[in-house]
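I am attaching a structure below and will ask some questions about it afterwards.
All values below were derived from every heavy atom in this structure, side-chain atoms included, with hydrogens, water molecules and symmetry-related copies excluded.
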Amino acid sequence: MPFGYKNWSFGYFFDGVAAELCISKIKKNMKIVLTGSIGNIGKPLTQTLIQNGHTVTVISSNAERKPAIEALGAQAAIGIMQDASFLTRTFQGADIVYLMETMDAAGGDLSDKEVDFMDVIDQIGHNYKQAVSHSGVKKIIHLSSIGAHMDKDNGILRFHHNVEHILKQLPADVSVKTLRPVGFYTNMFSFVSTIKNQGAIISNYGGDQKEPGFLLWTLQR
């Protein structure tokens with residue numbers, strides 16, 4: 001669904017495999033920094049931005065992804081979200097910064113009881129805030145999630161709510177556009193194994209409860 005802010009606007013859509021932000025109605029040759037590396041969101045987003053004439057820097061914690069990032073025509077910035085100084089240096093000079101937080105950035109393995117994922121992602125949110133403030137960036141796109149408007153009863157999605165709250169504390173002259181999409185098509189891939197082997201989608205909520213947000217799809221067997 002399209003939306004606008006002053007002289008810049010973005011469209012948010014699903015293409016059947018991934019989601020991407022398609023930039024339109026903004027001047028060419030903008031410097032844009034993307035967090036999230038080049039996964040299901042970052043790769044098509046990077047391609048779209050470069051095709052629209054923008055200079056793109058992609059942040060990744062995996063140095064092995066540098067050649068793939070550069071092959072797309074983007075610049076690679078290798079570092080971690082837990083390093084606020086790295087983020088500040090990378091954000092400097094950017095017209096727009098695209099922020100997202102993921103479980104992978106926090107460690108990824110929910111079974112690891114030694115890791116407080118909420119705390120780690122909250123700290124990433126504070127690092128984003130610090131980096132934006134110190135780098136002088138004035139336009140932010142934040143990928144959040146449906147359910148982030150609630151501070152409870154939303155399960156693990158609460159970390160999106162927390163980061164939204166942190167970013168709202170930025171100075172008034174920083175424009176923050178928050179996106180709250182529903183579930184991505186690719187999220188359904190985690191069910192493929194049990195669908196094939198057991199003929200079922202297995203999850204940890206009541207069978208009589210509706211789960212909002214996932215796109216309908218058909219698995220061809």
Side-chain angles (χ1 to χ4, degrees), residues 1 3 5 10-15 17-23 31-49 54 56-62 65 68-69 72 74-84 86-88 90-91 94-108 110 117-132 135 137 139-149 154-170 174-187 213:
M1 297 176 63
F3 63 89
Y5 189 94
F10 293 74
Y12 189 76
F13 62 95
F14 292 97
D15 66 3
V17 177
E20 65 182 50
L21 291 165
C22 185
I23 289 190
K31 295 180 180 180
I32 302 174
V33 176
L34 309 180
T35 60
S37 194
I38 50 171
N40 294 324
I41 301 172
K43 184 175 181 179
L45 174 54
T46 299
Q47 292 170 322
T48 298
L49 294 176
H54 302 290
V56 179
T57 297
V58 177
I59 294 177
S60 177
S61 61
N62 186 351
R65 286 200 169 186
I69 292 170
L72 297 174
Q75 301 172 18
I78 306 302
I80 58 175
M81 303 300 100
Q82 290 85 348
D83 186 345
F86 160 73
L87 293 174
T88 300
T90 306
F91 291 178
D95 296 300
I96 299 175
V97 173
Y98 168 71
L99 302 176
M100 61 181 292
E101 55 277 350
T102 67
M103 293 305 299
D104 286 341
L110 286 173
F117 292 96
M118 292 296 182
D119 183 66
V120 173
I121 295 180
D122 282 358
Q123 186 56 57
I124 290 173
H126 285 292
N127 290 348
Y128 283 160
K129 176 188 172 185
Q130 178 180 327
V132 170
S135 65
V137 176
K139 293 179 180 178
I140 303 299
I141 297 293
H142 175 223
L143 180 64
S144 183
S145 172
I146 187 172
H149 62 291
N154 54 358
I156 199 169
L157 295 179
R158 184 167 59 85
F159 71 75
H160 288 300
H161 170 86
N162 294 348
V163 177
E164 280 192 25
H165 179 72
I166 292 168
L167 295 179
K168 286 179 180 178
Q169 299 170 27
L170 284 164
V174 177
S175 301
V176 180
K177 180 62 67 175
T178 299
L179 304 178
R180 290 179 179 164
V182 296
F184 295 145
Y185 177 91
T186 49
N187 290 356

## Note on the structure
Residues at least two apart in sequence or cross-chain that pass side chain to side chain donor-acceptor pair (under 3.5 Å) with Thr90, listed by chain then number, are none

### Message
Could you tell me if the side chain of Ile59 sits less than 4.5 Å from the side chain of Met81, heavy atoms only?
### Response
yes

### Message
If you compare all heavy atoms of Lys129 against all heavy atoms of Leu170, which two are closest, and at what distance to 0.1 Å?
### Response
O-CD2, 3.6 Å

### Query
Quick one: NE2 on His54 to CD1 on Ile32, what's the gap to the nearest 0.5 Å?
5.0 Å

#### Entry: Euclidean distance, Phe159 CZ relative to Ser144 OG, rounded to 0.5 Å
8.5 Å

### Query
Where is the tightest heavy-atom contact between Tyr128 and Leu87, given as atom of each residue plus distance?
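Smallest interatomic distance, heavy atoms only, reads CD2-CD1, 3.9 Å.
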
### Message
Contact between His142 and Val163 at the side-chain level, heavy atoms closer than 4.5 Å - yes or no?
### Response
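They are in contact (side-chain heavy atoms under 4.5 Å apart), so the answer is yes.
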
### Nearest heavy atoms of Thr57 and Ala77, plus distance in Å
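For Thr57 and Ala77, the tightest heavy-atom pair comes out as CG2-CB, 3.9 Å.
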
### Query
Taking atom CD1 of Ile96 and atom CZ of Phe91, what is their separation to the nearest 0.5 Å?
13.0 Å

### Query
Any side-chain heavy atom of Tyr98 sitting closer than 4.5 Å to one from Ile41?
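Answer yes - side chains close enough.
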
### Query
Shortest non-hydrogen contact from Ile80 to Phe86?
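Scanning both residues, the minimum pair turns out to be O-CD2, 3.7 Å.
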
### Query
With no hydrogens and no angle check, is any side-chain donor or acceptor of Ser37 less than 3.5 Å from a backbone partner on Val58?
no

### Point-to-point distance, once rounded to the nearest 0.5 Å, from CD1 of Ile69 to CD1 of Ile38
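If I round to the nearest 0.5 Å, the distance is 5.0 Å.
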
### Query
Is the backbone N or O of Met100 less than 3.5 Å from a side-chain atom of Thr35, with the two atoms forming a donor-acceptor pair by type?
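Indeed, once roles are kept as given, a pair shorter than 3.5 Å links the two residues.
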
#### Entry: salt bridge (charged side-chain N to carboxylate O under 4.0 Å, His left out) partners of residues 155-166, not counting sequence neighbours, each pair once
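Pairs touching residues 155-166 that pass the test: Glu164-Arg180.
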
### Query
Do you know which two heavy atoms are closest between Val137 and Ala94, and how far apart they sit?
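For Val137 and Ala94, the tightest heavy-atom pair comes out as CG2-O, 4.1 Å.
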
### Message
Nearest 0.5 Å, please: how far is CD1 in Ile141 from OG in Ser175?
### Response
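Between Ser175 OG and Ile141 CD1, I get 9.5 Å after rounding to 0.5 Å.
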
### Exercise: identify the closest heavy-atom pair between Val176 and Leu167
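Heavy atoms only, the tightest pair is CG2-O, 4.3 Å.
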
### Task
Start with the C-alpha distance between Gln47 and Leu72, add both sets of side-chain angles, then the distance that settles side chain to side chain contact (heavy atoms under 4.5 Å, CB included), and finish with yes or no.
CA-CA 7 Å; Gln47 292 170 322; Leu72 297 174; 3.8 Å; yes

### Message
Lys43: which residues meet the side chain to side chain donor-acceptor pair (under 3.5 Å) condition with it, sequence neighbours left out?
### Response
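Lys43: no side chain to side chain donor-acceptor pair (under 3.5 Å) contacts found.
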
### Query
From Leu99 CG over to Ile124 CD1, what is the distance, rounded to the nearest 0.5 angstrom?
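Answer for the CG-CD1 pair, Leu99 versus Ile124, is 11.0 Å.
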
### Query
Does the side chain of Thr46 reach to within under 4.5 Å of the side chain of Leu34, using non-hydrogen atoms?
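A side-chain contact exists here, since the closest heavy-atom pair is under 4.5 Å.
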
### side-chain contact (heavy atoms from CB on, under 4.5 Å) partners of Asp122, counting only residues at least two apart
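Asp122: side-chain contact (heavy atoms from CB on, under 4.5 Å) contacts with Asn162.
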
### Query
Of all residues at least two apart in sequence or in a different chain, which pass the side-chain contact (heavy atoms from CB on, under 4.5 Å) check with Ala84?
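Ala84 satisfies side-chain contact (heavy atoms from CB on, under 4.5 Å) with Asn127, Gln130 once adjacent residues are dropped.
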
### Message
Restricting to side-chain contact (heavy atoms from CB on, under 4.5 Å), what partner residues turn up for His126, sequence neighbours left out?
### Response
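side-chain contact (heavy atoms from CB on, under 4.5 Å) check on His126 returns Gln123, Ile166.
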
### Task
Identify, with sequence neighbours excluded, every residue that meets side-chain contact (heavy atoms from CB on, under 4.5 Å) alongside Asn62.
Ser60, Glu64, Arg65

